[in-house]
Amino acid sequence: PALRLPDILLVFTSAIFLMTVFKPQWLCFMKRDVMEGLQGRMEWKKLICMLLLVILPHTFISDAYNIYQGEQPESISDYISSTQGDEFHRRVILEQKMYFCSYGLLRTAFFFSIFYPNTHKVLTQEEKTEITSFLKEKAEHIKPQYSDAFSLPERYNVSMVIVESYLACVSDMKVNGCEVTPVLNALKHLKGTYYNGNMEDNSALGESSDAQLMYFTGLFPEQNGISVTSLSHKTMVSLPALLKQQKGFYTYMTIPTKKYMWHQDEVNGVYGIDSLASSLSDTGARLSNDEELIEKAIQCERTMREPFFHVILTASMHSPYDKRREFLKDCPLVFPNNYSSEYCNYLRACWFTDKALGKYIKCLKESGKYEKTVIVILADHESHPVLLNMSPEQLGNCRLPLYIINANISMGEEERALQQVDVFPTLIDLFGIEHEWRGVGNSIFRPTPRVSADYMIRRANASELILTGNWFAEKE
């Protein structure tokens, strides 16, 4: 793209602003990445590109970004302005190491200089009282479990598959007579499967990492920062750790990225996940596709000690959807003319992930583990209609799906409104875990309490204070 004077002025004005006003905090933000580079945990190519993106003129920035990502922005404004940076983040996948570029330098400077310190806050006595008061009231709202709501195998494993950007509207969808997700559809309609396609996306800036936080701990993510950046220094009560402590589970995770991406290796220690495997090969790719991921997950399960809790994170349905990726070339689906090309590519990715999950289910059956494995399938967050170049009305149900398979749940399919923080207390009940901490959500196995708008506000505030104030460490 042509060099434009407004872009140059914006770059240098921003640079001066950052260096003069937020210098200490900016340097603090950069310190982790520099240290990772020195320790060999971060590729020097990536680190150099990241620095070039900040300090060099427009032409060099485009070239540096092209080296790393293979994409070239239309304008340096994509990096600088908060609105364009937001949209650029939606269109191009970036690691956290490049996060400040995708959200705009100015906006991220504010995040890391103003909001980031709050994630290490010390709770005041008034805040501690606020948390205690809310938790007491929440405990009073908890109703007894439904009787005979489910039945588990005598000895069981748990497989939790967190699917990237999965919308409930894809469930049971057919295009020109062909199912988009035949494997998931078959699982959905099995006797004893629980399905709900009405779960609200509660993720914030941390996106996929926020989903793990909610599913494992029952807390909302930070609303003014990225929760995972400070989580490794905190103490949490989590589902994997409770399964280990009370039920003797061995805990594993298989991911399609490098182990340090989004601090996964660090936060796994907080969550109580002992083993982390990556399906990423040494080809230089940033993500492995879901076929490669499932191959790795199957390989890992052959040597897992039982009972196991195995988390699998998929990636092939991630944005952007403006190009048809090579591994989707064999997709047989033929789409109507009124579907955007982005939506078609998204549905092809759904078909591909579903096919990979079919292979996983088949291997579970062949190994004799299927009948004794409770399978939980859910989405990390939505795929926004803007990314799909479709209106919400065209898409239909833009909420998230939840499947629980092989737990003989009597409720079957239901449409009650859920939130992502409801998954943690649901699984606490399902697996028979006894603990005073039940998250801030509600279990599907108990009547939903009627609460006031004021209660919901205090719930959000209490969750934020518990997370940012390291409440569980305080209690110890």
Side-chain angles (χ1 to χ4, degrees), residues 28-29 32 96 99 108 110-139 162 199-242 262-273 311 380-381 418-428 433 435-443 451 455-476:
C28 180
F29 165 55
R32 176 191 292 269
Q96 187 186 4
Y99 206 82
T108 303
F110 278 106
F111 279 146
F112 281 89
S113 62
I114 297 174
F115 296 125
Y116 182 77
N118 291 340
T119 64
H120 298 286
K121 68 177 294 171
V122 176
L123 293 172
T124 65
Q125 188 57 48
E126 183 180 355
E127 289 169 334
K128 292 177 183 178
T129 302
E130 183 180 345
I131 294 171
T132 303
S133 174
F134 167 76
L135 293 178
K136 181 180 179 181
E137 183 179 355
K138 183 182 185 302
I162 303 179
M199 185 162 65
E200 181 183 348
D201 180 358
N202 301 132
S203 64
L205 293 174
E207 297 194 318
S208 300
S209 64
D210 285 346
Q212 293 180 45
L213 174 71
M214 290 183 281
Y215 296 151
F216 295 159
T217 72
L219 285 168
F220 289 112
E222 293 177 33
Q223 297 307 302
N224 294 323
I226 305 171
S227 304
V228 73
T229 58
S230 61
L231 198 58
S232 60
H233 306 294
K234 293 175 180 172
T235 300
M236 304 297 292
V237 175
S238 69
L239 176 65
L242 291 171
W262 286 94
H263 305 276
Q264 191 68 66
D265 53 350
E266 297 175 5
V267 298
N268 272 13
V270 178
Y271 292 141
I273 298 175
V311 182
D380 56 356
H381 53 75
L418 297 179
Q419 293 188 310
Q420 286 181 287
V421 290
D422 294 333
V423 171
F424 176 80
T426 294
L427 297 182
I428 288 291
I433 293 172
H435 198 278
E436 62 177 346
W437 175 249
R438 296 184 52 83
V440 299
N442 304 301
S443 169
V451 295
Y455 174 90
M456 300 300 284
I457 293 171
R458 290 190 294 108
R459 179 177 80 150
N461 291 339
S463 178
E464 185 84 359
L465 290 173
I466 290 169
L467 182 58
T468 60
N470 206 5
W471 166 257
F472 297 111
E474 289 267 345
K475 291 194 68 177
E476 289 182 353

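Model, not experiment: these values are computed from the prediction.
Remark: F216 CZ to I162 CD1 distance equals 4.5 Å, nearest 0.5 Å. To the nearest 0.5 Å, the span separating OG on S232 from CD on E266 amounts to 4.5 Å. Rounded to the nearest 0.5 angstrom, N442 CG and K138 NZ are separated by 5.5 Å. Note that NZ of K234 and CZ of F472 are 11.5 Å apart. Values are rounded to the nearest 0.5 Å. One distance of note links OG1 of T468 with CG of L231; it measures 12.0 Å at 0.5 Å rounding. If you take CD on E436 and CG on L135, they are separated by 8.5 Å, rounding to the nearest 0.5 Å.
In this structure, E126 has no salt bridge (charged side-chain N to carboxylate O under 4.0 Å, His left out) partners at least two apart in sequence or on a different chain. Every residue two or more places apart in sequence or in another chain that forms a side-chain hydrogen bond (donor to acceptor under 3.5 Å, both in side chains) with R459 is listed here: Q419. Residues forming a salt bridge (charged side-chain N to carboxylate O under 4.0 Å, His left out) with E127 (at least two apart in sequence, or on another chain): K121. In this structure, the side-chain contact (heavy atoms from CB on, under 4.5 Å) partners of S443, at least two apart in sequence or on a different chain, are P425, T426, D429, R438, F445, R446. For F220, there are no ring-ring contact (aromatic ring centres under 6.0 Å, His included) partners two or more places apart in sequence or in a different chain. With sequence neighbours excluded, the residues forming a side-chain contact (heavy atoms from CB on, under 4.5 Å) with A211 are Y215, D380, Q420, listed by chain and number. Judged as a side-chain hydrogen bond (donor to acceptor under 3.5 Å, both in side chains), and not counting sequence neighbours, N202 has no contacts. In this structure, the side-chain hydrogen bond (donor to acceptor under 3.5 Å, both in side chains) partners of Q264, at least two apart in sequence or on a different chain, are Q212, N268. Residues passing the salt bridge (charged side-chain N to carboxylate O under 4.0 Å, His left out) test with E130: none are found, sequence neighbours excluded. With sequence neighbours excluded, no residue forms a side-chain hydrogen bond (donor to acceptor under 3.5 Å, both in side chains) with D422.
The minimum heavy-atom distance linking D201 with S203 is given by the pair OD1-OG, 2.7 Å. Nearest approach of A462 to I131, heavy atoms of both residues: O-CG1, 4.3 Å. Here the closest heavy-atom approach between residue T217 and residue W437 is recorded as O-NE1, 2.9 Å. The nearest pair of heavy atoms linking H233 to N470 is O-ND2, 3.9 Å.
The shortest side-chain heavy-atom distance between V267 and S209 does not fall under the 4.5 Å cut-off. Side-chain contact between V228 and L213 is absent, with no heavy atoms from C-beta onward closer than 4.5 Å. Side-chain contact check for V423 versus L239: every heavy-atom pair is 4.5 Å or farther apart. Side-chain atoms of F424 and L219, non-hydrogen and from C-beta on, never get closer than 4.5 Å to each other.
The backbone N or O of S463 sits nowhere less than 3.5 Å from a side-chain atom of W471 that would complete a donor-acceptor pair. Of the possible donor and acceptor atoms, none in the side chain of S133 sits under 3.5 Å from a partner among the backbone N and O of T129.
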